[in-house]
Each structure stands twice: as C-alpha cells, then as structure tokens.
**Student:** 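Take a look at the following structure, please.
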There are 2 protein chains.
Amino acid sequence: MIISTKTEYAVRALVEIGKQAEEKPISISDICRKADLPQKYIEQIFRKLKQHRIVESIHGSKGGYMLAKPEKKISLNDIMNAVEENYNAEYCDGNPEHHSHCIGLPCGFHDLWNEIRDHMVDYLKEIKLDYIISRF
Amino acid sequence: MIISTKTEYAVRALVEIGKQAEEKPISISDICRKADLPQKYIEQIFRKLKQHRIVESIHGSKGGYMLAKPEKKISLNDIMNAVEENYNAEYCDGNPEHHSHCIGLPCGFHDLWNEIRDHMVDYLKEIKLDYIISRF
DNA sequence: GCCAATTCCTACTAAATTTCTATGTTATCC
DNA sequence: GGATAACATAGAAATTTAGTAGGAATTGGC
C-alpha cells in the first residue's frame with residue numbers, strides 16, 4: 001500500500017484540526033479521542049509536523065496544536081515529507097561501491113526510480129488538505 | 001522509497017533476459033551471476049512472474065526462463081502486481097468493524113487512498129520493459 | 001540408466017522497518 | 001501547587017521484507 005498508517009494518522013489528525021471552526025488550539029488527547037488514534041504515537045508525529053511548519057503549538061494547560069498555514073497550502077506531499085523517514089532520499093548516488101550493480105554514472109535504474117518518485121511527488125503536491133477535508 | 005528491493009531485483013533480472021538477443025532460455029544462475037543477485041530469492045520471484053504470465057520456463061537441464069510476451073507489453077505495473085504482496089488490495093472495505101474510524105460507506109479516506117493508488121497504477125502501466133531496457 | 005543442470009516448492013531465519021508504549025521533563029494556566 | 005498539556009528519548013512489539021536451507025521433480029546429454 002502506498003499510504004502508510006503513519007501518514008494516514010497524520011492526515012486524520014490534521015482533518016480533525018481542520019474541522020475545528022474556532023481559531024483555538026486543540027490538544028492531542030482531544031484529537032485522539034475524537035479520531036480514535038493512539039495518543040503517544042500521534043505526539044511523535046505532531047512533533048515532526050511542527051518541525052516542518054505544518055502545525056504550530058501552544059505549551060502548557062489549555063495548549064495544543066493549530067495549523068500553521070491555510071488548509072489549501074498544506075499538501076499530502078508536505079505531510080508525507082514531514083512524517084515519513086527518508087521520503088526525499090535519492091535512491092542511490094550511482095556509486096558502484098555502494099550498489100555493486102551500478103556500472104557507472106548515471107545509473108539507469110536509479111534515474112528511473114527517481115523519475116517515478118518525482119512523478120509521485122508532483123502528484124501528491126496537488127492534493128491539498130482543504131480538498132481532503134471537503135470530502136467529508 | 002516507492003520501489004522495493006524485490007521489484008528492483010525483478011526488473012534487473014528481466015532486463016538481463018531482454019538483453020539476451022537469442023530466443024533461448026536463460027537460467028537463474030546465469031542471470032544472478034551477470035546481475036549480481038541472490039539466486040534463491042530470484043527463484044521465488046520468478047515463480048511469481050511465471051504465475052502472472054510475464055515469463056515462461058523450460059524445465060530441466062539447458063532449461064531456464066524467457067519472456068512470455070514482447071518487452072513492450074510488459075509494464076512495471078505488471079511486474080509489481082506479480083511480485084508485491086497485496087499490491088491490488090483495496091485499502092479498506094469501509095466496514096467500521098474492520099476499521100473503527102470508518103463512519104460509513106463510502107469512507108472518504110479510503111476512497112482517497114484508492115484514488116491515489118489508481119493514479120499510481122495508471123502511471124506505472126505506461127512504463128514498459130522496452131523503455132527500461134532502452135535506457136542502458 | 002545415470003548424472004548434471006535446472007525449475008519448482010516449502011519452511012524457516014534474519015534483518016529492517018513500522019507501530020506503539022513507557023517514563024519521564026518542561027511549560028503554562030488557574 | 002496542581003492539573004494539563006507539549007516535548008523528548010528509549011525501547012518493546014508487531015509486521016514486513018529480504019534472504020537461506022534443503023530438497024523434489026524434470027529434462028538433456030552421455
């Protein structure tokens with residue numbers, strides 16, 4: 001499956017924030033209760049989302065998370081890039097010492113894999129959070 | 001990474017068959033020697049490729065594998081479909097008893113994930129083995 | 001008929017990754 | 001000061017992926 005649990009959880013949690021009409025922060029525990037998600041896991045995920053400026057947080061009691069920018073400026077690509085490990089990794093540097101089958105530069109396979117990844121990234125950039133929310 | 005080792009191995013092995021000018025079978029051991037691949041693993045992969053009519057085999061001594069159809073009729077999608085587990089799996093059937101967050105049918109998330117998967121499948125259908133081979 | 005080379009089959013092991021929990025610390029509101 | 005929340009790190013548990021072991025069945029060539 002193309003979409004991992006981690007990405008799905010991130011999206012479901014962000015949708016929960018998006019559904020919140022008011023401009024006040026919502027806590028992880030609220031999100032998880034409403035969307036039936038594992039709280040500690042979501043905490044980790046949200047720290048990554050914050051590092052990538054997708055959400056911002058308010059510390060302490062009455063604190064929580066808010067979207068850091070408008071829903072239409074947050075794409076599925078942004079979310080996956082924040083949340084998935086080495087989402088951006090080049091498949092290979094073409095160095096035969098790392099991959100014995102690379103006969104040299106450029107390596108045809110890895111150019112192809114990167115081409116496929118780039119296609120996917122471009123597509124996912126067009127799927128915005130507002131579109132996702134609108135489907136509910 | 002979108003492309004797994006298993007798919008990469010399958011492609012590299014199929015390219016090796018494609019490079020073979022003559023219309024005679026090539027053995028797994030030859031393929032693995034030339035492309036530096038783990039033989040037993042490739043054997044498994046080729047059995048799946050055979051089940052999906054991507055290659056055909058000749059038993060016994062002097063036996064081996066050949067492409068079952070022209071290179072331009074074998075797509076990356078065909079290969080991944082043969083080789084990757086539940087490549088075709090619907091993300092979810094929308095049944096809340098299986099996924100507690102599905103509030104009903106249709107389930108917006110899973111329709112979206114399937115939409116993304118379908119986009120990817122359509123793209124991968126257009127990447128044919130002859131194109132891949134031509135890149136070397 | 002026998003041997004070598006090969007496909008074919010199943011079960012298992014090992015490694016890596018992903019998912020999730022435990023146990024805190026720090027910050028803020030009341 | 002207590003409650004509630006974000007923030008942090010380590011690691012357990014589960015799942016998936018990659019690879020190995022050992023052999024059975026099939027065929028060509030001698």
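Chain A is the first sequence line, chain B the second, and so forth, proteins listed ahead of strands; every chain is numbered from 1.
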**Student:** Base, backbone or nothing for each nucleotide of nucleotides 25-30 of chain C, written B, S, -, heavy atoms under 4.0 angstrom, 5' to 3'?
**Tutor:** --BBS-
**Student:** With the threshold set at under 4.0 Å for non-hydrogen atoms, list the residues of residues 39-49 of chain B touching DNA chain D in residue-number order.
**Tutor:** B/Lys40, B/Tyr41, B/Gln44
**Student:** Heavy-atom nearest nucleotide on DNA chain C for B/Ser57 versus A/Tyr9: which residue maps closer to 5'?
**Tutor:** B/Ser57
**Student:** Provide, to the nearest angstrom, the distance between the CD1 atom belonging to A/Ile28 and the C1' atom belonging to C/dT21.
**Tutor:** 15 Å
**Student:** Name the first nucleotide and the last nucleotide along DNA chain D (5' to 3') that come under 4.0 Å of a heavy atom in chain A.
**Tutor:**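 The contact span of chain A on DNA chain D goes from D/dA3 to D/dA10.
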**Student:** Please examine the side chains of B/Met66 and B/Ile58, heavy atoms only from C-beta on, and report whether any two atoms are closer than 4.5 Å.
**Tutor:** yes
**Student:** For residues 42-56 of chain A, which side-chain N or O atoms pair as donor and acceptor with protein atoms under 3.5 Å away, sequence neighbours left out?
**Tutor:**
{"from": "A/Lys48", "atom 1": "NZ", "to": "A/Glu85", "atom 2": "OE2", "distance (Å)": "2.5"}
{"from": "A/Lys50", "atom 1": "NZ", "to": "A/Ser57", "atom 2": "OG", "distance (Å)": "3.0"}
{"from": "A/His52", "atom 1": "ND1", "to": "A/Lys48", "atom 2": "O", "distance (Å)": "3.1"}

**Student:** What integer distance in Å separates A/Tyr87:OH from C/dT17:P?
**Tutor:** 18 Å
**Student:** Check residues 125-136 of chain A and write down every donor-acceptor pair under 3.5 Å in which the side-chain atom is one partner and the other belongs to a residue at least two apart or another chain.
**Tutor:**
{"from": "A/Tyr131", "atom 1": "OH", "to": "A/Arg135", "atom 2": "NH1", "distance (Å)": "2.8"}
{"from": "A/Tyr131", "atom 1": "OH", "to": "B/Glu115", "atom 2": "OE2", "distance (Å)": "3.2"}
{"from": "A/Ser134", "atom 1": "OG", "to": "A/Tyr131", "atom 2": "O", "distance (Å)": "2.6"}
{"from": "A/Arg135", "atom 1": "NH1", "to": "B/Glu115", "atom 2": "OE1", "distance (Å)": "2.7"}

**Student:** Is it the case that over 12 heavy atoms from other parts of the model lie below 6.0 angstrom from the NZ atom of A/Lys69?
**Tutor:** yes
**Student:** What closest approach, in Å, do B/Gly63 and B/Ser27 show between heavy atoms, and which atom pair accounts for it?
**Tutor:**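 Reported closest heavy-atom pair: O-CB, 4.1 Å.
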**Student:** Pairs of donor and acceptor atoms involving the side chains of residues 76-83 of chain B, under 3.5 Å and at least two apart or interchain, shall be tabulated with distances.
**Tutor:**
{"from": "B/Asn77", "atom 1": "OD1", "to": "B/Tyr87", "atom 2": "OH", "distance (Å)": "2.7"}
{"from": "B/Asp78", "atom 1": "OD1", "to": "B/Ser75", "atom 2": "OG", "distance (Å)": "3.4"}
{"from": "B/Asp78", "atom 1": "OD2", "to": "B/Ser75", "atom 2": "N", "distance (Å)": "2.9"}
{"from": "B/Asp78", "atom 1": "OD2", "to": "B/Ser75", "atom 2": "OG", "distance (Å)": "3.2"}
{"from": "B/Asn81", "atom 1": "OD1", "to": "B/Asn88", "atom 2": "ND2", "distance (Å)": "2.8"}

